[in-house]
Every structure is written in C-alpha cells, then in structure tokens.
Amino acid sequence: MTAPLLAPARTALAMDDVVLTYPDGDSRVAAVDHVSLEIGRGQSLAVTGPSGSGKSSLLAVAATLTRPDSGHVWLATGAGPVDLATVSRARAAELRRTEIGIVFQQSNLLASLTAREQLEAMAWLDGRPSRARRRAAGDRARELLELVGLGAAGDRTVGALSGGQRQRVAVARALMNDPALLLADEPTSALDTEAGAAVTDLLLGLVHEVDVALMLVTHDAAVAARCDSRMHLVDGAPV
Ligand code: ADP
Ligand code: MG
C-alpha cells in the first residue's frame with residue numbers, strides 16, 4: 001500500500017488495519033485486532049477500553065516499541081512517511097529519539113538529575129553532543145520547563161518534586177526533540193485528582209501550543225470527551 005493521501009502535510013500518524021498478536025497457550029490472542037486510525041498535528045485521539053483491551057499494545061506499536069504482525073503504521077517525518085511496521089530496529093530507535101515523544105504512567109526520571117538535566121540528557125542519546133548542541137539543548141530545556149509551568153523548578157532533583165511536577169517534567173522531556181507525535185499511556189493514573197487534571201490540561205493545551213499529534217490512553221471518560229476523537233477498544237478491536 002502507498003502512504004495515505006488524506007491531508008498528508010497534517011497527518012502525523014496513520015494506522016491501516018494493524019494486527020498484533022501474542023502467544024496464548026497453543027494459539028495466539030489478538031492484542032490489537034484490525035485497527036485503523038489517523039491523527040493530525042494539532043489533534044488529539046483518546047484511546048479508552050477496559051483493562052487488557054489492547055490500549056498499551058496499540059500505543060507500543062505507534063511508539064515503535066512493538067512490531068505488528070500485519071498492517072501499516074505511517075509516521076510523517078521531515079523526509080516523508082515511514083512505515084513503522086517495517087523499519088529496522090536501528091531506524092526505529094532513531095525515530096524514537098527524533099520524531100516521537102512518549103509519556104508513561106510513571107515518569108521514569110533519573111533520580112540524581114535535576115529537572116533541567118533530565119531534559120538536557122536527551123541530547124546525549126546519540127553520543128557526545130557538540131558544545132553548540134549542548135547550548136541549544138539547555139535553551140530548549142529552559143523553554144520547555146517554562147511551558148509546562150516549572151520554570152522555577154529547573155534546578156530541583158526528582159526527590160524535591162511532587163508526583164504531578166515529575167509527570168510534567170516527563171511531558172517536557174518527551175517534547176525535547178520537537179516530535180510530531182506525542183504518545184501518553186495513562187499519564188495521570190498514578191496522580192491524585194488535582195495533579196492529574198493539571199497534567200491533562202497541560203497535554204491538551206500542548207496539542208495546539210506545539211502543534212503535536214497526541215494519542216492519549218485514558219480510563220477517564222471525561223478526559224476522552226475533551227479529545228478531538230475517540231477510539232474505544234474491546235479485546236483489541238475498536239467498537
Ligand atoms: P491495556 O493496556 O488495555 O490494559 P494491553 O495492551 O496491556 O491492554 O494488553 C492487551 C492484551 O495483550 C492482554 O490480553 C494482555 O494480556 C496481552 N499482552 C500484553 N502484552 C503482552 C506480552 N508482552 N505478552 C503476552 N501477552 C501480552
Ligand atoms: Mg495499559
């Protein structure tokens with residue numbers, strides 16, 4: 001199949017008939033069962049469904065962390081659409097560094113680093129950066145911490161941050177490389193209601209502010225209702 005033709009300049013992610021199965025005794029279970037979807041830049045898609053319905057599996061496919069059995073997963077890049085279903089591991093790792101931002105339920109920050117250093121560390125993932133690149137990363141880190149409301153907390157280490165602040169650092173870190181696609185897997189489920197609501201507001205605001213496509217896995221119907229579109233999964237299939 002060729003790359004999707006729908007509004008190509010604005011489409012960040014387009015999945016076409018994606019199937020992902022896992023071994024289950026003598027047979028296999030479909031964690032993602034013929035899913036097609038499209039998310040444009042500046043748009044949000046909520047993925048809902050009961051526990052075990054395939055939400056994380058779907059997100060992992062979009063994140064290049066899991067390769068589907070079949071189907072296409074088109075990611076828009078500066079060099080044109082790339083099918084994540086067929087890219088090499090090395091290219092997938094590169095795309096995760098440059099084109100895709102990921103936020104998980106736990107913020108997964110490095111305890112010894114300050115908030116700003118968590119972000120700056122992204123510039124080291126493909127080797128020692130030049131002085132100019134380090135300076136640019138420092139500037140971008142400051143700008144993003146400001147954007148997520150943590151401009152004054154850049155020098156604090158993880159231990160000195162609240163759960164909600166940590167998750168906002170994780171969101172800022174996911175944006176360090178200016179991704180077209182931001183993936184968030186239940187990013188507020190480890191937070192209290194108020195901190196969770198602040199992180200949700202932040203994510204939905206960023207969709208427009210940084211013109212990113214957001215796939216947001218959530219248990220919360222009220223959060224899903226605020227997204228531009230919704231996909232409800234049951235046993236891996238949209239219903
Ligand atoms: P959700 O995020 O909606 O809770 P998951 O995507 O984690 O759902 O899981 C979907 C289905 O795939 C479940 O039946 C789960 O047991 C199965 N599954 C997920 N990951 C694996 C794995 N690594 N190996 C085998 N089965 C898995
Ligand atoms: Mg999950």
Side-chain angles (χ1 to χ4, degrees), residues 13-39 44-75 83-89 92-93 95-96 100-109 163-164 166-168 170-171 173-174 179 181-193 195-197 199-200 202-204 207 212-239:
L13 179 75
M15 288 194 182
D16 179 37
D17 204 22
V18 170
V19 174
L20 170 69
T21 66
Y22 288 115
D24 183 34
D26 291 339
S27 65
R28 299 185 73 84
V29 61
V32 177
D33 196 2
H34 298 281
V35 169
S36 298
L37 60 83
E38 188 171 336
I39 317 176
S44 53
L45 169 72
V47 179
T48 58
S51 184
S53 61
K55 304 181 296 297
S56 293
S57 299
L58 184 67
L59 187 128
V61 168
T64 75
L65 296 171
T66 307
R67 188 188 281 263
D69 300 34
S70 62
H72 299 279
V73 183
W74 297 105
L75 178 75
D83 188 354
L84 303 181
T86 57
V87 288
S88 68
R89 278 174 184 274
L95 290 168
R96 287 196 299 277
I100 304 170
I102 313 175
V103 181
F104 293 103
Q105 182 175 334
Q106 303 295 337
S107 52
N108 301 316
L109 301 178
R166 286 179 205 179
Q167 204 53 319
R168 282 190 273 155
V171 170
R173 181 178 58 181
L181 178 64
L182 181 59
L183 305 168
D185 193 350
E186 309 206 38
T188 63
S189 58
L191 302 177
D192 63 54
T193 309
V199 168
T200 298
L202 171 67
L203 285 168
L204 293 177
V207 168
V212 73
L214 172 68
M215 180 189 284
L216 176 60
V217 172
T218 179
H219 264 114
D220 188 335
V223 171
R226 294 175 60 194
C227 290
D228 296 304
S229 56
R230 282 150 291 283
M231 174 170 281
H232 188 75
L233 297 178
V234 174
D235 296 336
V239 293

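Everything numeric here is computed off the predicted structure, so don't read it as measured data. One-based numbering along the sequence shown. We count ligands from 1, going down the list as the structure has it; atoms in each ligand are counted the same way.
Evaluated for a side chain to side chain contact (heavy atoms under 4.5 Å, CB included) with Leu45, the options Leu37, Val217, Leu13 yield exactly one hit, Leu37. With respect to Leu233, the side chain to side chain contact (heavy atoms under 4.5 Å, CB included) criterion is satisfied by exactly one of Val35, Thr48, Val32, Val239: Val35.
Those atoms of ligand 1 that come under 4.0 Å of a heavy atom in Ser53, given as number and element, are 1 (P), 3 (O), 8 (O). Atoms of ligand 1 found under 4.0 Å from any heavy atom of Ser57 (numbered from 1 in listed order, with element): 5 (P), 6 (O), 9 (O), 10 (C). Against a heavy-atom cut-off of under 4.0 Å, Ser51 is close to the following atoms of ligand 1: 4 (O).
At a 4.0 Å heavy-atom cut-off, ligand 1 touches Pro50 through the backbone alone.
At the top of the distance list for atom 7 (O) of ligand 1, counting protein heavy atoms only, stands Ser56 CB, 3.9 Å. Nearest protein heavy-atom contact of atom 3 (O) of ligand 1 is Lys55 NZ, 2.8 Å. Tyr22 CE1, 3.5 Å is the protein heavy atom nearest to atom 19 (C) of ligand 1.
When atom types are taken as modelled, the side chain of Asp220 and the backbone of Thr218 share no donor-acceptor pair closer than 3.5 angstrom. Remark: side-chain polar atoms of Arg166 are not paired, donor with acceptor, to backbone N or O of Gln106 under 3.5 angstrom. The closest donor-acceptor contact from the side chain of Arg230 to the backbone of Cys227 lies under 3.5 Å. Listed for the Asp69 side chain is a donor-acceptor partner under 3.5 Å among the backbone atoms of Thr21.
Ligand 1 has an N or O atom lying under 3.5 Å from an N or O atom of Gly52, backbone or side chain. Remark: ligand 1 and Gly54 share an N or O pair separated by less than 3.5 Å (distance only, no angle test).
Distance screen at 4.0 Å: atom 13 (C) of ligand 1 has a protein heavy-atom neighbour inside the cut-off. Put simply, atom 16 (O) of ligand 1 has no protein non-hydrogen atoms near it, under 4.0 Å away.
The side-chain heavy atoms of Leu58 and Met231, taken from C-beta on, include a pair separated by under 4.5 Å.
Judged purely by distance below 3.5 Å, without hydrogens or angles, the side chains of Ser36 and Asp17 never pair a donor atom with an acceptor atom.
Within the coordination shell of the Mg ion (ligand 2), defined by N, O or S atoms under 2.8 Å, Ser56 is present.
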